[in-house]
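All values reported here derive from a predicted model rather than from experimental measurement.
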Amino acid sequence: MKYIERPDAATPAEFWESLHQQVADAQWEVRVNPILAATAGDLPPGAALDLGCGQGGDSLWLAQRGWQVTAVDIADAALQRVNERAAQQRLSDRIVTERHDLANSLPRGTWDLVSAHYLHSLFDFPRARILRDLGEQVNPGGMLLIVDHGSVAPWSWNQGATIPTPDETLAGLALDSTFWHVLRCEARDRTATGPGGQTAEVTDNVIALRRTG
């Protein structure tokens with residue numbers, strides 16, 4: 001597999017456009033994130049919002065199971081690949097793509113699932129505000145699922161970064177506990193494969209919340 005280089009870009013849009021073009025050129029395998037599959041596999045399908053959808057592995061998996069998905073990314077290159085794959089799999093009627101720089105604009109709707117997998121950025125990014133604001137759009141009974149990198153893999157660009165615990169991340173969201181029930185707030189280890197085929201043990205921080213009102 002072609003190694004994915006860190007783009008040298010001045011803005012978030014330029015960075016992610018370059019990154020996703022490299023991923024497309026490298027023909028990186030597209031698959032669902034395993035924590036989403038384990039968490040949402042038994043949920044009744046409804047309206048889902050996939051934040052930072054990338055090449056569309058999660059969006060396509062949800063659509064295959066009957067969800068109506070809004071797939072959001074900052075990079076047109078990513079959204080183009082999602083639309084191409086949706087057309088190939090005859091899922092275009094179940095996936096809508098929207099381009100957003102989430103620091104400046106948010107999708108609008110009501111959702112039974114908001115999924116934020118590895119919604120990190122090397123640029124200044126009001127992540128807690130974004131997740132809190134979109135959490136307000138979750139329907140009663142719906143879920144907000146957040147999966148973060150809980151460790152730094154050997155091939156990651158952010159070596160030496162300080163990573164918050166799941167409890168610290170949850171506290172930073174400042175969600176009203178009157179309206180949210182914590183289903184999971186934990187760190188989980190797994191074996192990951194890097195862009196060069198190397199493997200390492202990494203940690204995922206998982207936060208799953210059910211909206212109660």
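- Using a 4.0 Å cut-off between charged nitrogen and carboxylate oxygen, D148 and R127 count as a salt-bridge pair.
- Here the straight-line distance linking atom CG of L79 with atom CG of D73 works out to 5.5 Å at 0.5 Å rounding.
- V30 and L36 fall into different hydrophobic clusters, where Ile, Leu, Val, Met, Phe, Trp and Tyr are joined by side-chain heavy atoms under 4.5 Å apart, directly or via other members.
- To the nearest 0.5 angstrom, C53 atom SG is 12.0 Å from I74 atom CD1.
- In terms of the side-chain hydrogen bond (donor to acceptor under 3.5 Å, both in side chains) criterion, residue partners of D58 (sequence neighbours excluded) are, by chain and number, N33.
- No side-chain heavy atom of P166 sits under 4.5 Å from any side-chain heavy atom of E186.
- Judged as a side-chain hydrogen bond (donor to acceptor under 3.5 Å, both in side chains), and not counting sequence neighbours, the contacts of D189 are T203.
- The side-chain contact (heavy atoms from CB on, under 4.5 Å) check on S92 picks up A86, A87, with sequence neighbours excluded.
- Shown here is D93, whose CG atom has more than 12 heavy atoms of other residues, nucleotides or ligands within 6.0 Å.
- For R99, there are no side-chain hydrogen bond (donor to acceptor under 3.5 Å, both in side chains) partners, not counting sequence neighbours.
- The hydrophobic clustering, which links ILVMFWY residues whose side-chain heavy atoms are closer than 4.5 Å, places V82 and W16 apart.
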Could you give me the CA-CA distance, side-chain angles and deciding distance for T191 and E201, then say whether side chain to side chain donor-acceptor pair (under 3.5 Å) is met?
CA-CA 5 Å; T191 301; E201 292 298 311; 2.3 Å; yes
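- T70 is linked by a side-chain hydrogen bond (donor to acceptor under 3.5 Å, both in side chains) to nothing, counting only residues two or more places apart in sequence or in another chain.
- Under the side-chain contact (heavy atoms from CB on, under 4.5 Å) criterion, Q88 pairs with R85, sequence neighbours left out.
- Residues N139 and R211 fail the side-chain proximity criterion, which asks for heavy atoms closer than 4.5 Å.
- Put simply, the side chain of N205 never gets that close to the backbone of C185: no donor and acceptor are under 3.5 Å apart.
- Remark: R129 engages D133 in a salt bridge (charged side-chain N to carboxylate O under 4.0 Å, His left out) (not counting sequence neighbours).
- Side chains of T39 and R184 form a contact here, defined as non-hydrogen atoms less than 4.5 Å apart.
- In R188, the CZ atom is not crowded: 12 or fewer heavy atoms of neighbouring residues, nucleotides or ligands sit closer than 6.0 Å.
- Checked by atom type and distance alone, the side chain of E17 never pairs as donor or acceptor with a backbone atom of E14 at under 3.5 Å.
- Not counting sequence neighbours, the partners of H120 by the ring pair (Phe, Tyr, Trp, His ring centres under 6.0 Å) test are H149.
- At a threshold of 4.5 Å between side-chain heavy atoms, the hydrophobic network of Ile, Leu, Val, Met, Phe, Trp and Tyr places W67 and I35 in one connected group.
- Other members of the hydrophobic cluster containing L209, listed by chain and number, are L49, L51, V72, L102, L106, W111, V114, L119, F125, I130, L131, L134, V138, L144, I146, L170, L173, L175, F179, W180, V182, I207; membership follows side-chain contacts under 4.5 Å among ILVMFWY residues, whether direct or relayed.
- Taken to the nearest 0.5 Å, the CD atom of Q55 stands 10.5 Å off from the CG atom of L60.
- Here the side chains of H117 and S115 are in contact, with some heavy-atom distance below 4.5 Å.
- In this view, R190 and Y118, A192, V202, D204 satisfy the side-chain contact (heavy atoms from CB on, under 4.5 Å) rule, not counting sequence neighbours.
- Scored by the salt bridge (charged side-chain N to carboxylate O under 4.0 Å, His left out) test, D112 finds no partners at all (sequence neighbours excluded).
- Looking at R94, its side chain does come within 3.5 Å of a backbone N or O of A63 through a donor-acceptor pair.
- Remark: Q80 pairs with E84 by the side-chain contact (heavy atoms from CB on, under 4.5 Å) rule, at least two apart or across chains.
- No donor-acceptor pair under 3.5 Å is formed between the side chain of Q68 and the backbone N or O of G46.
- A side-chain donor-acceptor contact under 3.5 Å links R65 to the backbone of W61.
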I'd like to know whether H181 forms a side chain to side chain donor-acceptor pair (under 3.5 Å) with T212, so could you lay out the CA-CA distance, the side-chain angles of the two residues, the decisive distance to 0.1 Å, and finally the verdict.
CA-CA 7 Å; H181 173 64; T212 59; over 6 Å; no
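- When side chains are defined from C-beta on, L183 counts as touching R210, because their heavy atoms get closer than 4.5 Å.
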Go through it in stages, so that I can follow the logic: the residues are T165 and D167, the test is side chain to side chain donor-acceptor pair (under 3.5 Å), and I'd like the CA-CA distance, side-chain angles, deciding distance and then a yes or no.
CA-CA 5 Å; T165 67; D167 287 332; 5.2 Å; no
